[in-house]
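Predicted, not measured: the structure shown is a model, and the values here were computed from it. In what follows, chains are A, B, ... by sequence order, proteins preceding strands, each numbered from 1.
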2 protein chains.
Amino acid sequence: MHIQSNFRGTALAGMPPAGVTFHAADTMIYAQGDAAGTLYQVEFGTIRICRMTADGRRQITGFLTAGDVFGFEAGAEHNSSAESVDGAGIRLLRPASPAETTTALLQSLARTQHLLMLLGCRSANVRMGTFILDLSERQADGRLVHLAMQRNDIADYLGMTFETVSRALRHLKDEGLIRLNSITEIEILNRPALEALCE
Amino acid sequence: MHIQSNFRGTALAGMPPAGVTFHAADTMIYAQGDAAGTLYQVEFGTIRICRMTADGRRQITGFLTAGDVFGFEAGAEHNSSAESVDGAGIRLLRPASPAETTTALLQSLARTQHLLMLLGCRSANVRMGTFILDLSERQADGRLVHLAMQRNDIADYLGMTFETVSRALRHLKDEGLIRLNSITEIEILNRPALEALCE
DNA sequence: CGATCAATTGAGACAAATCAACACCAGTGG
DNA sequence: CCACTGGTGTTGATTTGTCTCAATTGATCG
C-alpha cells in the first residue's frame, strides 16, 4: 500500500521532524464545520480538500502535496474538510507573517482559478489530460506520473463520474498519448501532443 | 442604455468622488498580460473578470459590484482581464494594509470556490437558479433582481451556452419560480422553492 | 482460496451543445 | 412614417457527450 511505502520512506530515513503529525490514508484532518484558525503545511503525502454539495455530491477543490499550505477560511468555521489521501505528514504552522499568508493565499487562489477554468471546459478528455499534466509538473519525473488518489477522487475533482475518468484515460491511451503502466502510474508517451490537446 | 442611467444616477447626486474613474460599458480596465500590482475597488456598476482558454472560449471568473476589491495576482502579470459590464466607477486603492489585503483575498477565494461548486454541479437549471439567488443577495430588493450583464456573459460565467441560459430561465419561469419582467429584470416569485431547488 | 473493493467496459437514457430559424428592439436613413 | 439593419434574445430540431445502470474483470487481503 502507498500508505506504508510513503511513510516508511520517510520514517526509515529518520523519525519525522517534531511537529509533524502523520495521518493514515483516508482519514480526516479537519471536518467541514470545525473551528478554523490554524494553518497547516503538507510535509509529505497527498491531501484532498473536499466540500459537500447540498445534493450529496462531493467536490474536491484541490489536491495538495509537499510544501503546500492550507487551512485558511473566510469565517470562523471550515467550510471544507481536509483529508489524507495516501498517508501524509502535516505540520502545524505557527502564526505566519502577513506576507507569508498573502503568498499562500495568492497561490491558493491561483490554483482554484485554474481548476475553475478546467471545469468551465466541458470535454472530459481535456480535463483528464490537463490533470495529468498538472500532476506531472509537481513531480520530479517528466514522463512518469504517479496517481496517489483513486479514480473516484479524480472524478470528484474534475466534476465527472469515475466511469468517465476511466473512459477518458482509455481515450488518451488509444490516442497514443499516454500508457497505463499500472493502476497508479501513468507514462506520458507524447507530451507535445498532450499539451496541444489541452493547450 | 444602462450605461447612461447608471452613471447619471451617480453623477446627478454629485460628481463622483475624486480618484474614481469611469469606464463605459464593454470597455477594458486591464488586460490579460498587463502588469499587475495595483488594487482596485468597485464604486458603482458591474465588473467582469475574464480569462480566455486556449481553445478560444471565455470563462468569466467573477462579477464584482460596489465595494468589491480586485486586481491581485500571484505573478507580475495579470492572468485575467477586468472589463466594465455596464459602465462602472473604479477607485484605485492606495497600498492596503496586510490585514485588508488578507480579508479581500479570503473573500475572493471564497467566491471562487463558490463558483467552483456551481460548475461542479452539472444541471443548468440549478446553476441558473443559484446565480439568480446570488445576485439577489447582493441587491437591496428581495424580489427583484437586476441583470446588469447580458445572456452571453451569464453563459460564460456558468460554463454553458447562451441558448441554455435562455432555456434555463424559461424552465424556472414555467415552474413558477420566477417571472421575467423585462430582459434585464427578474422577479423571484417563489423564493423558498427556488432555494430548495438549489439547496 | 473466497471476499471485498476498485477499475474497466458495455448499452441505453438524457441533458446540453450545436445548427438554424425567427422574434424583438433600437437606431438609422430613406 | 416606414422599411432597413445589426445586435440580442428566444425557440426548435438534431447531434453529441456524459451519466446511469449493469455486468465483468482485476487487485488486495485476511
Side-chain angles (χ1 to χ4, degrees), chain A residues 1-5 24-26 48 53 55-59 85-87 118-129 131-132 146-175 178-186 197, chain B residues 1-5 25-26 53 55-59 85-86 118-129 131 146-175 178-186 197:
Chain A
M1 265 233 144
H2 309 115
I3 326 162
Q4 263 74 20
S5 59
D26 263 313
R48 59 171 179 252
T53 68
D55 62 328
R57 283 184 0 92
R58 178 184 69 156
Q59 175 70 49
V85 170
D86 60 346
L118 211 50
L119 295 192
C121 144
R122 56 230 153 304
S123 156
N125 295 328
V126 172
R127 290 188 197 185
M128 193 64 226
F131 180 65
I132 294 171
H146 175 70
L147 298 177
M149 66 298 293
Q150 52 192 40
R151 304 291 189 265
N152 216 323
D153 289 331
I154 301 175
D156 287 348
Y157 179 70
L158 297 179
M160 54 206 210
T161 62
F162 63 88
E163 293 101 324
T164 303
V165 168
S166 198
R167 279 185 255 263
L169 282 172
R170 187 175 201 296
H171 176 83
L172 296 177
K173 191 186 95 182
D174 289 350
E175 296 279 311
I178 63 170
R179 178 155 48 149
L180 296 164
N181 290 339
S182 82
I183 221 163
T184 57
E185 187 178 90
I186 290 174
L197 170 71
Chain B
M1 268 230 143
H2 309 115
I3 325 163
Q4 263 74 19
S5 59
D26 263 312
T53 67
D55 62 328
R57 281 185 0 91
R58 178 184 70 154
Q59 175 70 48
V85 170
D86 60 346
L118 210 51
L119 295 192
C121 145
R122 57 231 153 306
S123 155
N125 295 329
V126 173
R127 290 188 197 186
M128 194 64 225
F131 180 65
H146 175 70
L147 298 178
M149 67 297 293
Q150 50 192 41
R151 304 292 189 264
N152 216 322
D153 289 331
I154 301 175
D156 287 347
Y157 179 70
L158 297 178
M160 53 206 213
T161 62
F162 63 87
E163 293 100 324
T164 303
V165 169
S166 196
R167 279 185 254 264
L169 282 172
R170 188 175 201 293
H171 176 83
L172 296 177
K173 190 186 94 182
D174 288 350
E175 296 279 311
I178 63 169
R179 180 155 47 148
L180 296 164
N181 290 339
S182 81
I183 221 162
T184 58
E185 187 178 271
I186 290 175
L197 169 72

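Applying the side-chain contact (heavy atoms from CB on, under 4.5 Å) rule to B:Ser166 yields no partners; only residues at least two apart in sequence or on another chain are considered. For A:Arg48, the salt bridge (charged side-chain N to carboxylate O under 4.0 Å, His left out) criterion is met by A:Asp26, A:Glu83, A:Asp153, not counting sequence neighbours. Applying the side-chain hydrogen bond (donor to acceptor under 3.5 Å, both in side chains) rule to A:Glu175 yields no partners; only residues at least two apart in sequence or on another chain are considered. Take B:Asp156 and apply the salt bridge (charged side-chain N to carboxylate O under 4.0 Å, His left out) test, not counting sequence neighbours, and it matches B:Arg58. Considering only residues two or more places apart in sequence or on other chains, B:Arg57 meets the salt bridge (charged side-chain N to carboxylate O under 4.0 Å, His left out) condition with none of them. Residues satisfying the side-chain hydrogen bond (donor to acceptor under 3.5 Å, both in side chains) test with B:Arg179, not counting sequence neighbours, are B:Glu187. In terms of the side-chain contact (heavy atoms from CB on, under 4.5 Å) criterion, residue partners of A:Arg167 (sequence neighbours excluded) are, by chain and number, A:Glu163.
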Base versus backbone protein contacts along nucleotides 10-15 of chain C [heavy-atom cut-off under 4.0 Å; B, S, -]:
BB----
Under 4.0 Å protein heavy-atom contact, by nucleotide of nucleotides 2-7 of chain C - B base, S sugar-phosphate only:
----SS
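As a whole-Å value, the separation of A:Asn125 CG from D:dC19 P is 11 Å. Put simply, CG on A:Leu180 is 11 Å from C1' on C:dT8, counting in whole angstrom units. Look at CD1 on B:Ile154: it is 16 Å from P on C:dA16, rounded to the nearest Å.
Taking only side-chain nitrogens and oxygens, B:Thr161 never comes nearer than 4.0 Å to OP1 or OP2 of C:dA16. Taking side-chain N and O atoms only, B:Thr164 has no distance below 4.0 Å to OP1 or OP2 of C:dA16.
Note: B:Leu119 CG to B:Gln59 CD = 5.5 Å, rounded to the nearest 0.5 Å.
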